[in-house]
Colleague: 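There's a structure below that I have some questions on.
Every heavy atom of this structure was used, including side-chain atoms; hydrogens, water molecules and symmetry mates were not.
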Amino acid sequence: ILRVELARGWAMAWRVEHFRDAEGVLISTAGDRGLRTSGLSWNTDWRASDHLLLRVELRHLRDAAAVYPRGKDARSDGATSLLGSIALEF
């Protein structure tokens, strides 16, 4: 993880991830090789107050096999998502 503070309350981070579940214990796939996924993500955080954090994240995951749903009946070897989250601290 590489995280950079941009200004007071603002930060960006980049991550490289790898996940392997060859036996399909946590995530089952249509194939017999399990899940071997790598990914890149980028997020921007804004700490609106001491108890509130807002995040926007762009993530791309890729697998050697077509394990990600694409439409009704198709599968793809990659998936990209744009997410937003709100974190409240108590």
Side-chain angles (χ1 to χ4, degrees):
I1 298 175
L2 172 63
R3 188 170 191 272
V4 176
E5 293 280 335
L6 301 173
R8 184 177 170 181
W10 289 91
M12 291 178 112
W14 295 264
R15 282 183 300 287
V16 176
E17 305 169 271
H18 183 74
F19 181 77
R20 183 176 182 163
D21 185 10
E23 303 299 320
V25 174
L26 298 175
I27 300 172
S28 64
T29 62
D32 60 354
R33 63 180 285 285
L35 185 72
R36 288 184 286 184
T37 293
S38 296
L40 300 170
S41 62
W42 162 81
N43 66 271
T44 299
D45 294 343
W46 175 47
R47 180 159 295 281
S49 73
D50 289 343
H51 303 286
L52 177 64
L53 177 75
L54 304 172
R55 173 176 285 177
V56 175
E57 180 173 340
L58 180 64
R59 175 179 286 182
H60 179 73
L61 300 172
R62 187 152 185 98
D63 195 283
V67 296
Y68 298 102
R70 176 79 56 169
K72 186 176 179 183
D73 297 320
R75 296 209 172 266
S76 173
D77 63 352
T80 302
S81 56
L82 179 63
L83 310 163
S85 64
I86 300 171
L88 296 170
E89 297 176 8
F90 297 96

Colleague: Does I86 have more than 12 heavy atoms from other residues, nucleotides or ligands lying within 6.0 Å of its CD1?
Modeller: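 Atom CD1 in I86 is not packed in, count stays at 12 or less.
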Colleague: Mind checking side-chain hydrogen bond (donor to acceptor under 3.5 Å, both in side chains) for R59 and listing every partner two or more places apart, or none if nothing turns up?
Modeller: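 Partners of R59 under the side-chain hydrogen bond (donor to acceptor under 3.5 Å, both in side chains) test: E57.
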Colleague: Listed by chain and number, what are the side-chain hydrogen bond (donor to acceptor under 3.5 Å, both in side chains) partners of S76, not counting sequence neighbours?
Modeller: R70
Colleague: Supply the atom-to-atom distance R15 CZ to W42 CH2, rounded to the nearest 0.5 angstrom.
Modeller: 11.5 Å
Colleague: Tell me which pairs pass ring-ring contact (aromatic ring centres under 6.0 Å, His included) where either residue lies in residues 45-69, with sequence neighbours left out.
Modeller: W10-W46
Colleague: Once side chain to side chain donor-acceptor pair (under 3.5 Å) is applied, what residue pairs with a partner in residues 81-90 remain, sequence neighbours excluded?
Modeller: R47-E89
Colleague: I'd like to know if L2 and L6 are part of one continuous hydrophobic network [Ile/Leu/Val/Met/Phe/Trp/Tyr, side-chain heavy atoms within less than 4.5 Å].
Modeller: yes
Colleague: Tell me the closest heavy-atom pair linking R75 and A66, and the distance in Å.
Modeller: CD-O, 3.4 Å
Colleague: Mind checking what makes side-chain contact (heavy atoms from CB on, under 4.5 Å) contact with L40, not counting sequence neighbours?
Modeller: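 By the side-chain contact (heavy atoms from CB on, under 4.5 Å) rule, L40 matches V16.
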Colleague: Side chains of L58 and N43: does their closest heavy-atom pair fall under 4.5 Å?
Modeller: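 Result no, sub-4.5 Å side-chain heavy-atom pair not found.
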Colleague: Suppose we screen for side-chain contact (heavy atoms from CB on, under 4.5 Å). Which residues come up paired with R20, at least two apart in sequence or across chains?
Modeller: H18, A22, R36
Colleague: Which residues pass the side-chain contact (heavy atoms from CB on, under 4.5 Å) test with A87, sequence neighbours left out?
Modeller: L53
Colleague: Answer with yes or no whether the hydrophobic clustering places M12 together with I1; edges join I, L, V, M, F, W, Y residues whose side-chain heavy atoms lie under 4.5 Å apart.
Modeller: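 As far as the 4.5 Å side-chain criterion goes, I1 and M12 are not connected within one cluster.
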